[in-house]
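Each remark here refers to the structure printed beneath this line.
Both ligands and their constituent atoms are indexed starting at 1 by order of listing.
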Amino acid sequence: MIIAPSLLAADFGHFAKETARVQKTDAEWLHLDIMDGHFVPNLSFGPQVVKAVRSLSRQFFDVHLMCSQPEILLEPFVRAGADQLIVHVELGEAVLPLLWKIRSLGRRVGLAINPPTEIRRVAPYLDKIDHLLVMTVNPGFGGQDFIHEALPKVQQARDWRGEKGLAFSIGVDGGVGFDTVGECAQAGADVFVSGSALFAAPSLKRAVTRMRRLAHEHDPALADLKISTPAS
Ligand code: DX5
Ligand code: ZN
């Protein structure tokens with residue numbers, strides 16, 4: 001299981017301090033939300049910020065590209081220190097070349113799906129990805145309410161993974177907190193992205209431990225997934 005605090009919920013005035021706070025936890029990944037003001041109605045930060053944070057962190061960098069033209073951003077984010085690059089299935093025909101490009105750059109290949117998009121849209125790509133990110137909010141902002149209707153997609157992805165003998169990890173992103181992490185684990189998620197719930201806690205370190213424990217309680221069989229280096 002992997003806990004991935006999302007830096008979007010950090011205090012933007014103190015990125016260095018916030019990154020150090022995440023470093024002190026046993027979270028395996030740092031989730032970095034990249035928004036272009038077009039694919040989603042918000043802007044976040046770019047490769048230069050990720051590069052600056054990279055020099056302060058040993059965690060696996062999980063870069064979530066909520067962008068209409070990720071092809072122009074893949075190389076800059078690889079140079080900035082991304083370990084995994086996630087693009088959205090809603091980009092249609094652009095998806096396959098993007099997955100190939102990420103693979104050719106030697107980084108872990110991720111695909112995300114928004115709440116209104118049908119899960120069958122990811123089916124053609126499952127044997128080409130290392131990670132499937134099921135959005136449990138409509139992307140663009142942190143701190144939104146969890147969309148329970150997205151969970152059957154996690155179950156379907158887990159079933160397909162088993163049936164096809166594949167090994168991609170399954171993440172949930174958006175509204176994942178202490179009250180919702182259990183049902184995500186039960187549905188089959190093994191990577192838990194969480195922003196506001198973790199950063200709002202008085203101790204980020206204890207919050208990560210608590211989230212991990214709650215996920216385990218709901219799915220004791222959850223495999224110990226440890227990914228610290230990009231897949232080759
Ligand atoms: C939403 C982002 C999420 C966000 C999650 O657009 O993709 O990663 O940071 O934040 P919370 O956990 O606050 O919903
Ligand atoms: Zn995200």
Side-chain angles (χ1 to χ4, degrees), residues 2-12 15 18-19 21-22 25 27-47 49-50 53 59-68 70 73 77 82-91 102 107-117 122 129-151 153-154 169-185 189-201 204 207-208 210-212 214-215:
I2 281 165
I3 307 288
S6 168
L7 203 64
L8 191 67
D11 178 348
F12 273 36
F15 263 147
E18 294 287 70
T19 308
R21 220 150 67 91
V22 180
T25 73
E28 294 85 351
W29 290 7
L30 182 64
H31 185 81
L32 298 148
D33 285 306
I34 312 304
M35 303 179 180
D36 68 348
H38 187 261
F39 185 80
V40 288
N42 198 5
L43 290 164
S44 58
F45 45 82
V49 172
V50 172
V53 172
Q59 265 133 350
F60 177 96
F61 273 18
D62 177 31
V63 175
H64 178 192
L65 297 169
M66 287 160 276
C67 305
S68 298
L73 295 168
F77 278 108
D83 294 303
Q84 171 163 275
L85 290 160
I86 303 175
V87 294
H88 269 262
V89 73
E90 291 79 17
L91 296 175
I102 299 169
R107 294 302 179 270
R108 217 168 175 263
V109 181
L111 185 64
I113 176 165
N114 283 340
T117 307
V122 304
I129 61 173
D130 301 306
H131 185 58
L132 179 70
L133 185 66
V134 176
M135 294 307 299
T136 42
V137 297
N138 287 305
F141 301 91
Q144 303 182 72
D145 287 342
F146 184 82
I147 298 175
H148 294 263
E149 289 74 13
L151 281 181
K153 288 199 245 184
V154 174
S169 47
I170 302 173
V172 279
D173 183 12
V176 178
F178 306 110
D179 50 343
T180 50
V181 68
E183 49 192 310
C184 296
D190 26 42
V191 176
F192 305 89
V193 176
S194 177
S196 33
L198 293 180
F199 279 90
L204 184 61
V208 168
R210 183 173 167 218
M211 187 162 283
R212 192 186 299 286
L214 286 168

Shortest protein contact, atom 1 (C) of ligand 1 (heavy atom only): Phe141 O, 3.6 Å
Minimum-distance protein heavy atom relative to atom 4 (C) of ligand 1: Asp33 OD2, 3.6 Å
re atom 13 (O) of ligand 1, the protein heavy-atom contact at minimum distance is Ser196 OG, 2.4 Å
Which atoms of ligand 1 have any heavy atom of Met66 under 4.0 Å away? 6 (O), 7 (O)
Which ligand 1 atoms does Ser6 reach within 4.0 Å, using its non-hydrogen atoms? 8 (O), 9 (O)
With rounding to the nearest 0.5 Å, note down the distance linking CG in Leu85 to CG in Leu32. 10.5 Å
Looking at NE2 of His131 and CD1 of Ile170, how far apart are the two atoms once the value is rounded to the nearest 0.5 Å? 9.5 Å
Ala197 to ligand 1, any heavy atom closer than 4.0 Å: no
Give me the residue, atom name and distance of the protein heavy atom closest to atom 14 (O) of ligand 1. Gly175 N, 2.8 Å
Nearest-0.5 Å distance, CD of residue Gln84 to CZ of residue Phe61: 13.0 Å
Which residue owns the protein heavy atom closest to atom 6 (O) of ligand 1, what's the atom, and how far is it? Gly140 N, 2.8 Å
Measure from the side-chain N and O atoms of Arg210 to the backbone N and O of Phe178, and report whether any donor-acceptor pair falls under 3.5 Å. no
Give the atom name of whichever N/O/S atom in His64 sits closest to the Zn ion (ligand 2). ND1
Minimum-distance N/O/S atom that Asp173 presents toward the Zn ion (ligand 2): OD2
Ala9 touching ligand 1 at heavy-atom level, < 4.0 angstrom: no
Where ligand 1 meets Met135 - atom numbers and elements under 4.0 angstrom, heavy-atom basis: 7 (O)
Heavy-atom contacts with Pro139 under 4.0 Å: which atoms of ligand 1 show up? List them by number with element. 6 (O)
Judged by modelled atom types alone, do Asp33 and His31 share a side-chain donor-acceptor pair under 3.5 Å? yes
Atom 8 (O) of ligand 1 [closest protein heavy-atom partner, distance rounded to 0.1 Å]: Asp173 OD1, 2.6 Å
Contacting atoms of ligand 1, where contact means under 4.0 angstrom from a heavy atom of Gly143: 11 (P), 13 (O), 14 (O)
Using only N, O or S atoms, tell me which atom of Asp33 is closest to the Zn ion (ligand 2). OD1
So CG of Asp83 and CG of Asp62: to nearest 0.5 Å the spacing works out to 9.0 Å
Donor-acceptor check, side chain of Lys153 to backbone of Pro115, threshold 3.5 angstrom: yes or no? yes
Gap between atom OG1 of Thr25 and atom CD of Gln59 - 0.5 Å precision: 5.0 Å
Atoms of ligand 1 under 4.0 Å from any heavy atom of Gly142, numbered from 1 in the order shown, are 10 (O), 13 (O)
Only one of Ile34, Leu30, Leu7 passes side chain to side chain contact (heavy atoms under 4.5 Å, CB included) with Val50, and that residue is Ile34
Looking at His31, which atoms of ligand 1 are within less than 4.0 Å of one of its heavy atoms? 8 (O)
To the closest 0.5 Å, what do you measure between CG (Asn114) and CG (Asp173)? 10.0 Å
Taking only non-hydrogen atoms of Met35 and a 4.0 Å limit, the atoms of ligand 1 in range are 6 (O)
Classify the angle between the aromatic ring planes of His88 and Phe39 as parallel (below 30°), tilted (30 to 60°) or perpendicular (above 60°). tilted
Starting from atom 12 (O) of ligand 1, which protein heavy atom do you reach first, and at what distance in Å? Gly195 N, 2.7 Å
Can you say whether the rings of Phe146 and His148 are parallel (under 30°), tilted (30 to 60°) or perpendicular (over 60°)? perpendicular
